[in-house]
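Let me begin by presenting the structure, written as structure tokens, before commenting on it.
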Amino acid sequence: MSSLNASAGSALWLVFPALLLAYYLVCWLLLGRDPAIENVAPQYQPPPGVSPGMARYIVTGGSDGTTLAAVLAQLAARGVVAIQPEAGSYRIKLLRVDVAVQPEEAALVEALLRQKIPVLEPDASANPDAPPADTVTHELREAVQRIPEQQLASRGLAIAAQLAMSPHEAVINPRTGVEIKAAVDAIQDAFRKNFQDIYFRWNYGYVLAGVAATFLFGLGSSFFVRSEQAPSLFMTLWLLVFTSIAGVVMSGFFTARPRRPSLRQHVSSLLLPLLFIVFPGFMIAFFVMPQAKLFVLALLLAVALNSMFFVLMRAPTPAGRRALEQLAGFREFLLRVEQDRLERMNTPQEKAELLNRFLPYAIALEVKEGWGDTMASDFSNTIVER
């Protein structure tokens, strides 16, 4: 028994996270490494068929508060909703129900405003090589064309009257995470249904193999570790489950963090690992299993590797690589056009038209200077959905 107890403090425990790192590096080099995008030429239009929300989804692999801001900005640019800042919150009001939108935009309207609106044809929205779709489906366009002008006007008045009598409004408070999470969930669910495996693959199987190996190592090794304060098997299982869940959540937080994070986000970046990884490990290593500090360290290192490669193993498909290259070129255009282009606009109407057209993409791609985006910053602390 003494030899087992002595081995519990041995540096040999660190062999497992070293082997796990080697395994992940091989998998990443073979399957998960993103293509290098160099010598980006400015592209003056977004990729065909890619909405602002989709652009964010392609770049980050998920949905977050910035995605929500970009989708709302696109809906506002098309006149579907109105967004009014209101004492630190945002009041969203439905203006039109006769415009077909992207699936994630329709899902957001239904989730926030409890109103179903037309959705663009799936082929037009899901095909990355398709030309930009019209604002209405074929069926809706043909139906409108068959309506006499006077009836169309009266129908528009009826829709407006209906909205006036039963206004569809919602107030989003950035400080209330539940409201924002529900909206982000609706957007991400639309992405899963419509764009699964089109732009990238997650290669989850390789990460799950690493997680399974970590649990087998931890639980199997716990029988050789003596703990006088609590059963080693139970404490090992608790530490693995708690830190693994926290690690996945934190990986989403770090990947969705803005390019210029706020002070609060900087503080969160420091506190989250300390509170949910380092602190639990410290308490167990020094007060519950003091004879096995290096064993606990090996577990924490393995969990950190699993969490990190959960994101790194995402690999773009050929369609995803094309979209990433086009989005990089379009972002370069937005960076260059910003204030110089706006200042050379002749009329306020031209400036407004450019802002309405490109602002949602500028939010999604985090091109903020000159575009006046604060809504994305307000929403950026939300939980990331993948």
Side-chain angles (χ1 to χ4, degrees), residues 49-58 60 62-84 86 89-126 133-141 143-144 155-156 158-174 176-196 198 356 359-361 363-364 375-376 378-379 382-386:
V50 175
S51 66
M54 288 171 59
R56 182 74 179 171
Y57 174 73
I58 293 169
T60 67
S63 302
D64 52 23
T66 303
T67 309
L68 172 59
V71 174
L72 282 173
Q74 177 72 349
L75 288 169
R78 302 189 65 188
V80 177
V81 302
I83 305 174
Q84 180 64 42
E86 192 175 276
S89 300
Y90 295 88
R91 180 174 295 276
I92 315 298
K93 183 173 182 179
L94 183 64
L95 299 180
R96 299 182 64 181
V97 294
D98 60 336
V99 176
V101 297
Q102 294 285 350
E104 73 275 8
E105 297 164 6
L108 178 60
V109 170
E110 184 173 0
L112 279 182
L113 304 171
R114 304 294 185 267
Q115 176 67 42
K116 290 187 176 182
I117 59 176
V119 181
L120 285 169
E121 294 175 348
D123 290 342
S125 60
D134 296 334
T135 57
V136 293
T137 61
H138 292 314
E139 294 79 2
L140 183 59
R141 180 168 57 249
V144 170
R155 180 169 295 189
I159 293 174
Q162 179 185 2
L163 293 177
M165 289 186 297
S166 303
H168 295 273
E169 295 187 6
V171 177
I172 300 181
N173 185 346
T176 305
V178 176
E179 297 173 353
I180 299 179
K181 186 179 186 304
V184 173
D185 284 344
I187 294 172
Q188 181 64 12
D189 186 56
F191 287 142
R192 290 194 190 102
K193 291 178 180 177
N194 292 278
F195 309 117
Q196 187 75 26
I198 291 180
N356 284 339
L359 177 60
Y361 289 97
I363 293 174
M375 186 166 57
D378 289 340
F379 293 161
T382 190
I383 294 176
V384 179
E385 295 297 332
R386 298 190 181 281

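Position 1 is the first residue of the sequence; numbering continues from there.
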Would you please say whether a donor-acceptor pair under 3.5 Å links the side chains of E104 and S51? yes
Is there a side-chain contact between [X] and [Y] in this structure, where contact means two heavy atoms from C-beta onward sitting under 4.5 Å apart?
{"X": "I117", "Y": "V99", "result": "no"}
{"X": "R56", "Y": "D64", "result": "yes"}
{"X": "L113", "Y": "V81", "result": "yes"}
{"X": "V80", "Y": "L94", "result": "yes"}

Spacing of [X] atom [atom1] and [Y] atom [atom2] [to the nearest 0.5 Å]:
{"X": "L108", "Y": "L72", "atom1": "CG", "atom2": "CG", "value": "5.0 Å"}
{"X": "Q74", "Y": "L359", "atom1": "CD", "atom2": "CG", "value": "9.5 Å"}
{"X": "K93", "Y": "I83", "atom1": "NZ", "atom2": "CD1", "value": "14.0 Å"}
{"X": "I92", "Y": "E86", "atom1": "CD1", "atom2": "CD", "value": "10.0 Å"}
{"X": "T67", "Y": "F191", "atom1": "OG1", "atom2": "CZ", "value": "6.5 Å"}

Excluding sequence neighbours, so at least two apart, what forms salt bridge (charged side-chain N to carboxylate O under 4.0 Å, His left out) with K116? none
Minimum heavy-atom separation for [X] and [Y], please, with both atom names.
{"X": "L75", "Y": "V109", "answer": "CD1-CG2, 3.8 Å"}
{"X": "I363", "Y": "A73", "answer": "CD1-CB, 3.8 Å"}
{"X": "V171", "Y": "S89", "answer": "CG1-CB, 3.7 Å"}
{"X": "V97", "Y": "Q115", "answer": "CG1-CG, 3.9 Å"}
{"X": "A55", "Y": "Y361", "answer": "CB-CD2, 4.5 Å"}
{"X": "L112", "Y": "A170", "answer": "O-CB, 3.6 Å"}

N/O donor-acceptor pair under 3.5 Å between R78 side chain and A100 backbone: yes
When the ring planes of F195 and Y57 are compared, do they come out parallel, tilted or perpendicular, using 30° and 60° as the limits? tilted
